[in-house]
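To start, the structure under review is shown below, and the notes come after it.
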Amino acid sequence: MGDKLHTIFVCSDSVGETANTVVQATIRQFNASQVQVKRYGSIRTEDEVRAIVEEASRVKGFIAYTLVLPELREMMRQEAIRNNVNAIDIMGPMMQAFIDTFKDSPKRKVGLLYQLDEQYYQRVEAVEFTVKSDDGKDPSTMKQAHIVLIGPSRTSKTPLSIYLAHKGYKVSNYPLVPEVKPPAILYELDPKKLVGLTMSADKLIGIRTERLKAVGLPFGAKYATHERVEEELAFAKRLYKELGCSVIDVSEKAIEETAGIILAERA
């Protein structure tokens with residue numbers, strides 16, 4: 001892409017998280033180290049739309065937008081054409097497909113995804129539960145959890161738990177260590193609730209080595225040796241078989257991808 005800094009504008013009449021997610025997923029498909037994302041949220045006026053499009057034109061960037069109000073979407077479309085700017089409507093085609101297929105009309109109210117409704121409070125409760133249940137702090141919470149993640153240290157249990165919690169799922173996670181007998185409650189749970197995480201030995205060694213550096217511990221610590229990692233992975237594999245749970249190799253998977261697999265299995 002060269003050395004020039006390229007700019008993508010994310011615009012919304014709400015917070016812009018939907019458009020930003022699509023943009024970030026797109027960026028990952030390219031060697032895009034010279035790309036910056038500029039976000040503009042809570043857009044309410046045509047003047048704001050006009051100013052953003054003119055800025056995009058000056059820097060030769062493009063726009064990804066989610067605008068619920070039809071007048072703002074139309075203004076964006078017209079200004080983009082006038083300024084020769086590529087502008088991608090993330091939400092419009094989906095809303096139109098809903099209208100055409102189900103013969104329904106949208107509420108045309110911004111920010112509905114983030115309103116303080118029952119689902120919002122369920123997400124808050126899920127996050128609080130998940131934080132309390134992180135890293136085996138309270139194994140008794142596993143019975144109340146929607147999902148229980150188990151796996152050796154540094155197999156992404158905590159970030160995956162928090163990600164799922166933000167989607168409204170109560171998650172408990174437990175670190176597996178060969179010298180520590182797993183809690184009996186694991187054997188009492190429905191195997192469909194359990195998810196075993198694993199990773200290639202080389203990948204796990206690399207992650208643990210970086211962790212040792214971060215906390216100032218010596219490189220040769222047992223925690224990151226090939227023998228120790230293989231031992232832990234083998235222990236986890238045997239336990240997963242005993243429990244009859246699903247197993248996901250997270251070696252080359254982003255948190256979002258692993259979460260998608262877990263939720264698809266629950267559908």
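We number each residue from 1, following the sequence as shown. If you're wondering where the values come from, they're calculated on a predicted model, not measured in any experiment.
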With sequence neighbours excluded, what pairs up with F98 under the ring pair (Phe, Tyr, Trp, His ring centres under 6.0 Å) test? F102
Indicate, with yes or no, if Y169 and V131 share a hydrophobic cluster defined by side-chain heavy-atom contacts under 4.5 Å among Ile, Leu, Val, Met, Phe, Trp and Tyr. no
Any non-hydrogen side-chain atom of T26 less than 4.5 Å from a side-chain atom of I8? no
Are I255 and I261 linked, directly or through other ILVMFWY residues, by side chains that come within less than 4.5 angstrom of each other? yes
Locate the shortest heavy-atom distance separating E231 from P178; write the atom from each residue and the value. OE2-CB, 4.0 Å
Quick check against the 3.5 Å criterion: does K213 have a side-chain atom that pairs as donor or acceptor with the backbone of T209? no
Strictly below 4.0 Å, N to O, side chains only: are E125 and K170 in salt-bridge contact? yes
Evaluate side-chain contact (heavy atoms from CB on, under 4.5 Å) for L233 paired with L204, printing each intermediate quantity in order. CA-CA 10 Å; L233 290 173; L204 189 51; 4.1 Å; yes
Could you tell me which residues satisfy side-chain contact (heavy atoms from CB on, under 4.5 Å) with E256, sequence neighbours excluded, listed by chain and number? Y163, A254
Residues forming a side-chain contact (heavy atoms from CB on, under 4.5 Å) with Q78, sequence neighbours excluded: E74
Between D47 and T45, is any side-chain donor less than 3.5 angstrom from a side-chain acceptor? no
Can you hop from V127 to L164 via hydrophobic side chains spaced under 4.5 Å? no
Yes or no on side-chain contact (heavy atoms from CB on, under 4.5 Å) for F9 and F62, after CA distance, side-chain angles and deciding distance? CA-CA 6 Å; F9 295 79; F62 75 85; over 6 Å; no
Same cluster or not: I162 versus V124, using hydrophobic residues (I, L, V, M, F, W, Y) connected whenever any side-chain heavy atoms lie under 4.5 Å apart? no
Check whether the side chains of S133 and T141 place a donor and an acceptor atom closer than 3.5 Å, and report yes or no. yes
Could you work out, with salt bridge (charged side-chain N to carboxylate O under 4.0 Å, His left out) as the rule, every residue matching E179, not counting sequence neighbours? R228
What residues form a salt bridge (charged side-chain N to carboxylate O under 4.0 Å, His left out) with D89, not counting sequence neighbours? R73
Separation of I27 CD1 from H6 NE2 (nearest 0.5 Å): 11.5 Å
What's the separation between atom CG in L197 and atom OG1 in T258, rounded to the nearest 0.5 Å? 7.5 Å
Using every non-hydrogen atom in the two residues, find where D138 and S140 come nearest and quote the distance to one decimal. OD1-OG, 2.5 Å
When you check the side-chain N and O atoms of S200 and D202, is any donor under 3.5 Å from an acceptor? no
To the nearest 0.5 Å, what is the distance between CD on E71 and CE on M76? 13.0 Å
Salt-bridge test for K237 and E232: reply yes if a basic N is under 4.0 Å from a carboxylate O, no otherwise. no
For A221 against L212, the heavy-atom pair lying closest together: CB-CD1, 3.9 Å
Taking the side chain as everything from C-beta on, heavy atoms only, tell me whether I262 gets closer than 4.5 Å to L149. yes
Which ILVMFWY residues are connected to L243, directly or by a chain of links, through side-chain heavy atoms under 4.5 Å apart? M142, V148, I150, Y174, L176, V177, V180, I185, L186, Y187, L189, L194, F235, L239, Y240, V247
Between OG on residue S57 and CG on residue N86, distance to nearest 0.5 Å: 12.0 Å
side-chain contact (heavy atoms from CB on, under 4.5 Å) with T66: which residues, sequence neighbours excluded? S12, T18, A19, I90, M91
Under 4.5 Å between side-chain heavy atoms, hopping through other hydrophobics if needed: is there a path connecting M75 to I63? yes
Using side-chain contact (heavy atoms from CB on, under 4.5 Å) as the criterion, list what pairs up with R39, not counting sequence neighbours. V10, E17, N20, V37
Give the minimum heavy-atom separation between S161 and V171, together with the two atoms involved. OG-CG1, 3.5 Å
V250 versus T198: any side-chain heavy-atom pair under 4.5 Å? no
Return the set of residues passing salt bridge (charged side-chain N to carboxylate O under 4.0 Å, His left out) with E257 (not counting sequence neighbours), or none when no residue passes. none
Do side-chain atoms of E48 reach the backbone of R44 as a donor and acceptor pair under 3.5 angstrom? yes
What's the separation between atom OG in S14 and atom CD1 in I43, rounded to the nearest 0.5 Å? 10.5 Å
Side chains of I147 and R266: closer than 4.5 Å at any heavy-atom pair? yes
Do N83 side-chain atoms and V85 backbone N/O form a donor-acceptor pair below 3.5 Å? no
Checking R208 side chain against Y223 main chain: does a donor-acceptor pair fall under 3.5 Å? yes
Interatomic distance, L72 atom CG to R77 atom CZ [nearest 0.5 angstrom]: 14.0 Å
Counting distance only, does the side-chain N/O of D13 pair as donor-acceptor with the main-chain N or O of V68 below 3.5 Å? yes
Give a yes or no on this: more than 12 heavy atoms of other residues, nucleotides or ligands lie within 6.0 Å of atom CG of D190. yes
Taking all non-hydrogen atoms of both residues, which atom of H226 and which atom of A201 are closest, and how far apart? NE2-CB, 4.4 Å
Around atom NZ of K137, are there more than 12 heavy atoms of other residues, nucleotides or ligands at under 6.0 Å? yes
What pairs with D100 under salt bridge (charged side-chain N to carboxylate O under 4.0 Å, His left out), at least two apart in sequence or on another chain? none
Salt bridge (charged side-chain N to carboxylate O under 4.0 Å, His left out): which pairs involve residues 148-162, sequence neighbours left out? none
Salt bridge (charged side-chain N to carboxylate O under 4.0 Å, His left out): pairs with one or both residues in residues 51-69, sequence neighbours excluded: K38-E55, E54-R82
Quick one: does any side-chain atom of K193 pair with a main-chain N or O of K143 as donor and acceptor, under 3.5 Å? yes
Considering all heavy atoms of both residues, which atom of P191 and which atom of G244 are nearest to each other, and what is their separation? CB-O, 3.5 Å
